Amino acid sequence: MDVVLIPGFMADASLWDDMLPGLKTLGSIMHGDTTAYARIADMARDILSGAPERFALIGFSMGGYVAREIARMAPGRVLALVLVATSARADTPEQTRRKAVAVKMADSKRFTGFSRPGVLISLHPDRATDDELIERVRAMSERVGGDVFRRHTQQFQETDLSRLGAIRCPTLIVAGDRDALRSRQEAEELCAGISGSELVHIENAGHMIPMEQPTALVEAIVPWLQAQALPK
């Protein structure tokens, strides 16, 4: 089973590093790139153009929006869909305001990644002194860069709640039990909107589940994907 991985906002392929040994037991891995475009549909078309003929799709956070768009664009090619720490909601007025302020303050040429408080909000509270993990997340955002930060932050995130029913492939939704950025209700909305989908919660995880709890995430995803590959 070929697998396509799509990272989230200001994340790159290193998001999945700790999970790769487990994911590679499924088959070949392709990393989707979301950095070249601002619109979800454009990201989806770009990733789809380079994807295998048929594949499983794993999308994290913003990458979950992209993954769902791919599943709707090419339903015959997506074998199974895994949505990690994501939502189908649009930006709230408060989120739109904060993003506008962030864009105004950002200097693309001097961008040094997320601040420590900006990283901490994405992690489980117990990770507040995990300097190694905090630095990994910060460094990842610095690598993605200021230009991408501005491009993605300026884009209003639209809802796709009304279009969840168009997703017909087997779908697994994964949520962290202490995710301060995506609520339990948002995960439940996805599960209710995608027929036949399953929802699992990862304990002791904030938003950055692939980096905080990679083993638990692999243990949730890999057997489920293997089961989808079995003859029905």
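Bear in mind the structure is a predicted one, so any value in this text is a computation, not a measurement. What's counted below: heavy atoms across the whole structure, side chains too, no hydrogens, waters or symmetry copies.
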Quick one: side-chain hydrogen bond (donor to acceptor under 3.5 Å, both in side chains) partners of Gln226, sequence neighbours excluded?
none
Quick one: list whatever passes side chain to side chain contact (heavy atoms under 4.5 Å, CB included) with Ser197, sequence neighbours left out.
Thr171, Ile173, Cys191, Ile194
Return each pair, listed once, that meets ring-ring contact (aromatic ring centres under 6.0 Å, His included) where at least one residue sits in residues 176-197; pairs must be two or more places apart or across chains.
none
Decide side-chain contact (heavy atoms from CB on, under 4.5 Å) for Ser61 and Met208; before the verdict, give the C-alpha distance in whole Å, the side-chain angles of both, and the deciding distance to 0.1 Å.
CA-CA 9 Å; Ser61 196; Met208 302 299 293; over 6 Å; no
If you round to the nearest 0.5 Å, how far is OG1 of Thr159 from OH of Tyr65?
7.0 Å
Throw together a table of side-chain donor-acceptor distances under 3.5 angstrom for residues 15-25, partners on residues two or more places apart or in other chains.
from, atom 1, to, atom 2, distance (Å)
Asp18, OD2, Arg136, NH1, 3.0
Asp18, OD2, Arg136, NH2, 3.4
Thr25, OG1, Gly22, O, 2.6

Tell me, please, which residues at least two apart from Pro52 pass side chain to side chain contact (heavy atoms under 4.5 Å, CB included).
Asp2, Val4, Met30, Phe55
What residue pairs, at least two apart or across chains, pass ring-ring contact (aromatic ring centres under 6.0 Å, His included) with a residue in residues 162-215?
Phe60-His207
So, taking the atom named CD1 in Ile58 and the one named CG in Leu83, what distance separates them when rounded to the nearest 0.5 Å?
10.0 Å
Cation-pi, Phe114 ring and Arg116 (6.0 angstrom, 45 degrees)
no
Compare every heavy atom of Met211 with every heavy atom of Leu133, then report the nearest pair and how far apart it is.
CD1-CB, 3.9 Å
In terms of hydrophobic clusters joined by side-chain contacts under 4.5 Å, are Met10 and Leu181 together?
no
Residues forming a side-chain hydrogen bond (donor to acceptor under 3.5 Å, both in side chains) with Gln155, sequence neighbours excluded
none
Anything under 3.5 Å between a donor and an acceptor, one on a side chain of residues 120-127, the other on a protein residue two or more places apart or in another chain? List them.
from, atom 1, to, atom 2, distance (Å)
Ser122, OG, Val119, O, 2.6
His124, ND1, Asp126, N, 3.0
Arg127, NH1, Asp130, OD2, 2.7
Arg127, NH2, Glu212, O, 2.6

Just verifying a value: how many Å separate Asp33 CG and Ile6 CD1, rounded to the nearest 0.5 Å?
10.5 Å
Between Asp42 and Arg45, is there a salt bridge with N-O shorter than 4.0 Å?
yes
If you count every heavy atom of other residues, nucleotides or ligands that lies below 6.0 Å from Arg163 atom CZ, does the total exceed 12?
yes
Which value, rounded to the nearest 0.5 Å, describes the distance between Ile40 atom CD1 and Asp160 atom CG?
9.0 Å
What's the shortest heavy-atom distance between Glu188 and Leu199, and which atoms?
CG-CD2, 4.0 Å
Rounded distance [0.5 Å steps], OG1 in Thr35 versus NE2 in His152
6.5 Å
Does a donor on one side chain and an acceptor on the other come within less than 3.5 Å for Ser115 and Arg138?
no
Quick check on side chain to side chain contact (heavy atoms under 4.5 Å, CB included): which of Leu225, Leu57, Val3 does Val82 satisfy it with?
Leu225
With sequence neighbours left out, what residues match Glu219 under side-chain hydrogen bond (donor to acceptor under 3.5 Å, both in side chains)?
none
One pair to check against side-chain contact (heavy atoms from CB on, under 4.5 Å): Arg68 and Leu190. What are the steps and the verdict?
CA-CA 11 Å; Arg68 293 195 301 274; Leu190 286 167; 3.8 Å; yes
Could you give all pairs that pass the salt bridge (charged side-chain N to carboxylate O under 4.0 Å, His left out) test and reach residues 168-177, with sequence neighbours left out?
none
Sorted by chain and number, sequence neighbours left out, side chain to side chain contact (heavy atoms under 4.5 Å, CB included) with Arg151 holds for Ala38, Asp147, Val148
Evaluate the side-chain contact (heavy atoms from CB on, under 4.5 Å) criterion for residues Tyr37 and Asp46: first the C-alpha distance (whole Å), next the side-chain angles of each, then the deciding distance (0.1 Å), finally the verdict.
CA-CA 9 Å; Tyr37 297 94; Asp46 185 56; 3.7 Å; yes
Check side-chain hydrogen bond (donor to acceptor under 3.5 Å, both in side chains) between Glu94 and all other residues, then give those that pass, not counting sequence neighbours.
Arg97
